[in-house]
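For reference, the structure discussed in these notes is given below.
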Amino acid sequence: MATYQFPKQTIADVPIRGRTVLVRVDYNVPLENGRITSDFRIRAELPTLEYLLKQGARKVFLIAHLGRPEGVARELSLRPTAVDLAKLLDEPVDFVEYVPGVLGKPEDVAAATSRVAVLENLRFSEAEETDSEDFARALVEATGADLFVQDGFANVHRKHASMDAITKLLPAVAGYLVEKEVADVMKAIHDPVRPLLTIIGGAKVEDKAPMVEKMLEVADEICLGGKFAQDYTPPESEKILMPVDARKDAEGRSLDIGDRSAVAIVEAIDRAETIIWNGTVGMAEEAEFARSSELIATALGQSGKTTIICGGDTTGFVLNYQEKYRDLKYTLISTGGGASLELILGEPLPGLDCLLDK
Ligand code: 3PG
């Protein structure tokens, strides 16, 4: 099969100088008492923002959602993300309390003087999720944007106004995060350096069973773990390696795969050249039952091979682990939970499909 080519135009394909750019980002970050507890997703967007600024964009407006509010919910304001971004970019970032029809006025947007501004949580209006073209038009008119950039990879499986309707009004291209996430995963699945190994853990059979079926078509080996592997009856296949032992708590509940099973996965990693990991293999939020997942994270992070980490819990686990062991390196730690799964399964991604073709 030919080498995978990202099929959409990106910010590298269009002139940027002097343009006013609306960038859809994923700032759906974890918050505790109004404080961001992980700015991984904000950092992941920096290459696109820095490129746009360096190329001379006149103004960059960031649009995003946070949580799943019903109406205006002040505790889900995006204001903290603007504060965080200003520190990361080391330049002022305006925060504008504007959501068409719900909060603020277009004049508030016009009054933002910094080169970069974050608008308030678009999901404060239900028009965002109903993919309303009027809502998208109001955003375009208030900002005066003449280019749309989709860089919220974690949202591309949603068909919302700030991702879909807006592309009917502005030329729409991908940012670097979307390009990297899609290209890394698509290459790993359709054009990998073989052998391709997939490690699938987690809890829910209904979430992970379709991934096993998909991977049976493309992977050379599949290792299963986690509660998922206890509850799931896999199809007959020589490619599938099931756990052979377990680490149990005092009540006899199996909460992690055992040492022999973890070593078998590490050996499979040694045999492979490309590895996709989705789902921790034990109850990794408890130190005692994180051991096998830690062994896998270490083996992958030291392997120097193509390593794709995806799924919300797995990426959270690996990011925390990498904080402690900074020499661990991965090809991609995906920002997308649902989006990366849909991408792997080959489901339609409306937020990507509507961008301009190459
Ligand atoms: C995510 O956190 O995975 C994305 O931001 C999508 O959020 P949603 O599932 O609420 O649409």
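Small disclaimer: the values here were computed from a predicted structure and weren't measured. All ligand and atom numbering here is 1-based and tracks the order in the structure. Hydrogens, waters and symmetry mates play no part in the numbers below; they use all other heavy atoms, side chains included. Count residues from 1 along the sequence.
Nearest to atom 3 (O) of ligand 1 by heavy atom, out of His65, Arg41, Arg123, Arg158, is Arg41.
Cluster membership check: Ile275 does not share its hydrophobic cluster with Leu224, using side-chain heavy-atom separations under 4.5 Å among Ile, Leu, Val, Met, Phe, Trp and Tyr.
Close approach to Arg68 involves these atoms of ligand 1, each under 4.0 Å from a residue heavy atom: 8 (P), 9 (O), 10 (O). For ligand 1, the atoms sitting less than 4.0 Å from at least one non-hydrogen atom of Asn155 are 4 (C), 5 (O), 6 (C), numbered in the order shown with element in parentheses.
When side chains are defined from C-beta on, Leu356 does not count as touching Val14, because their heavy atoms never get closer than 4.5 Å.
Below 3.5 Å of separation, one finds no N or O of His157 facing any N or O of ligand 1. Considering backbone and side-chain N/O atoms, Asp26 comes within less than 3.5 Å of an N/O atom of ligand 1.
Heavy-atom separations between Glu129 and ligand 1 are all 4.0 Å or longer.
Under 3.5 Å, the side chains of Ser77 and Glu120 contain a donor-acceptor pair of N or O atoms. Under the 3.5 Å distance criterion, with hydrogens and angles disregarded, no donor-acceptor pair is assigned to the side chains of Glu91 and Ser114.
Ring geometry for Tyr325 against Tyr321 counts as tilted: the plane angle lies between 30° and 60°, on a 0 to 90° scale.
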